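Bear in mind the structure is a predicted one, so any value in this text is a computation, not a measurement. For reference, positions follow the sequence shown, starting with 1.
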Amino acid sequence: KVIHIFSTAEGLLTQEDRVTADGLQEVFETNVFGHFILIRELEPLLCHSDHPSRLIWTSSRNARRSNFHLEDIQHRRGQEPYSSSKYAIDLLSVALNRNFNPRGLYSSVVCPGTMVTNLTCGILPPFLWTLLLPIIWLIRFFANAFTLTPENGTEALVWLFHQKPESLNPLTKYLSATTGFGSNYVTTQKMDLDEDTAEKFYQNLLELEKQVRVTIQ
């Protein structure tokens, strides 16, 4: 279970969410809705069938179906807003492909793995990370999710940039992985979702967008 926790961050990022000045849940607005609005604003520039555009979302191995509910897309009730928001990203990526592939817009999802960054260093005190890192280096021989550095974590992202977006499976998540000896490679994972739920979530976002725009006006 220790390996599972550190390789997926499940349980580590359990938190109390906050409400922003916009009246939205902070993690949802930061990880999902803000980017959704940006895409909506850039839609005329992104949608050109003769010159395909590409979106690449940073998801997580901790994107759990059990932590997301269509009746509570912002995760107002619960203590796994991070996991919920990452699952929402997976759903949104699938819905965008369904609605915009014919117009030349393609969406993909990556997971950088477990990296030591300002975010992860904030989860535990620095001295604990100093003690844990040698152990994590050993665990990496058994769990490829421990990319540890941002450079290693970008492996899947860089790989995607060299692929034709039309050739990629919209239901696949691309994962950065690192061997125990430090070699980087890309692995894949079928996303645990269905397209009907993805479309319903997309429609919920469109409705929320209308409400927010009315409030702003």
Side-chain angles (χ1 to χ4, degrees), residues 8-10 13-14 17 22-44 46-49 52-112 156-157 160 163-175 186-215:
T8 65
E10 185 174 6
L13 292 175
T14 300
D17 204 359
D22 302 312
L24 303 175
Q25 295 300 120
E26 185 177 53
V27 176
F28 168 81
E29 186 172 14
T30 301
N31 288 352
V32 186
F33 194 65
H35 302 303
F36 172 73
I37 293 297
L38 179 61
I39 293 167
R40 293 281 290 162
E41 291 292 311
L42 296 178
E43 195 173 304
L46 293 172
C47 295
H48 293 282
S49 56
S53 299
R54 177 181 299 174
L55 297 170
I56 300 179
W57 298 85
T58 302
S59 183
S60 171
R61 288 170 171 83
N62 191 20
R64 301 288 174 183
R65 180 195 285 260
S66 59
N67 291 325
F68 177 86
H69 304 283
L70 276 175
E71 300 76 19
D72 183 22
I73 63 173
Q74 296 190 49
H75 203 73
R76 295 184 187 276
R77 303 179 296 275
Q79 293 186 319
E80 292 283 355
Y82 177 83
S83 176
S84 176
S85 70
K86 293 302 182 179
Y87 189 80
I89 284 173
D90 294 354
L91 291 170
L92 180 53
S93 180
V94 170
L96 289 172
N97 281 314
R98 186 174 183 177
N99 287 277
F100 290 99
N101 279 178
R103 297 171 60 186
L105 176 60
Y106 294 85
S107 181
S108 300
V109 177
V110 301
C111 173
L157 180 66
L160 274 174
Q163 311 305 311
K164 290 184 178 181
E166 305 93 327
S167 67
L168 299 172
N169 187 337
L171 297 176
T172 295
K173 182 180 296 183
Y174 298 90
L175 315 173
V186 178
T187 185
T188 60
Q189 180 184 82
K190 187 180 186 301
M191 290 190 281
D192 181 25
L193 52 79
D194 62 84
E195 294 189 54
D196 288 340
T197 301
E199 183 62 28
K200 289 176 183 176
F201 174 61
Y202 178 68
Q203 295 303 322
N204 285 347
L205 287 179
L206 291 176
E207 186 60 35
L208 182 59
E209 178 193 4
K210 290 179 184 178
Q211 297 172 15
V212 169
R213 290 188 186 276
V214 167
T215 302

Sub-4.5 Å side-chain heavy-atom contact between [X] and [Y]:
{"X": "R64", "Y": "E80", "answer": "no"}
{"X": "L168", "Y": "Y106", "answer": "no"}
{"X": "L171", "Y": "E195", "answer": "yes"}
{"X": "F28", "Y": "S84", "answer": "no"}
{"X": "L193", "Y": "F201", "answer": "no"}
{"X": "M191", "Y": "L91", "answer": "no"}
{"X": "Y174", "Y": "L157", "answer": "no"}
{"X": "F36", "Y": "L206", "answer": "yes"}

Non-hydrogen atoms of [X] and [Y] that approach each other most closely:
{"X": "S59", "Y": "P112", "value": "O-CD, 3.9 Å"}
{"X": "P170", "Y": "N97", "value": "CB-ND2, 3.4 Å"}
{"X": "P81", "Y": "V27", "value": "O-CG1, 3.6 Å"}
{"X": "L175", "Y": "A156", "value": "C-CB, 3.9 Å"}
{"X": "A198", "Y": "A95", "value": "O-CB, 3.5 Å"}
{"X": "K173", "Y": "S60", "value": "NZ-O, 2.8 Å"}

Check: H48 side chain, P44 main-chain N or O, donor-acceptor pair, under 3.5 Å: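 Flag set: sc H48 to bb P44 pair under 3.5 Å.
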
When you measure from the side chain of S93 to the backbone of I89, do you find a donor-acceptor pair of N or O atoms at a distance under 3.5 Å?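 Absent.
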
Any salt bridge linking E209 with R40? Criterion: basic side-chain nitrogen under 4.0 Å from a carboxylate oxygen.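 Here E209 pairs with R40 in a salt bridge, since their nearest N and O are under 4.0 Å apart.
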
Distance check, rounded to the nearest 0.5 Å: [X] atom [atom1] versus [Y] atom [atom2]?
{"X": "S85", "Y": "Q74", "atom1": "OG", "atom2": "CD", "result": "11.5 Å"}
{"X": "L38", "Y": "L55", "atom1": "CG", "atom2": "CG", "result": "9.0 Å"}
{"X": "H35", "Y": "T58", "atom1": "NE2", "atom2": "OG1", "result": "8.0 Å"}
{"X": "D192", "Y": "D90", "atom1": "CG", "atom2": "CG", "result": "9.5 Å"}
{"X": "L208", "Y": "I37", "atom1": "CG", "atom2": "CD1", "result": "7.5 Å"}
{"X": "Q25", "Y": "R76", "atom1": "CD", "atom2": "CZ", "result": "4.5 Å"}

Stepwise side-chain contact (heavy atoms from CB on, under 4.5 Å) test for V212 and D22: CA-CA 8 Å; V212 169; D22 302 312; 6.0 Å; no

With a 3.5 Å cut-off and no angle check, do the side chains of N101 and E166 form a donor-acceptor pair?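 No, no side-chain donor-acceptor contact under 3.5 Å.
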
Go through the steps to decide whether Q203 and E207 satisfy the test side chain to side chain donor-acceptor pair (under 3.5 Å), and finish with yes or no. CA-CA 6 Å; Q203 295 303 322; E207 186 60 35; over 6 Å; no

Run N31 and Y82 through side-chain contact (heavy atoms from CB on, under 4.5 Å) and show every step you take. CA-CA 8 Å; N31 288 352; Y82 177 83; 4.2 Å; yes

Begin with the C-alpha distance, continue with both residues' side-chain angles, and end with the deciding distance and a verdict on side-chain contact (heavy atoms from CB on, under 4.5 Å) for R98 and Y202. CA-CA 10 Å; R98 186 174 183 177; Y202 178 68; over 6 Å; no

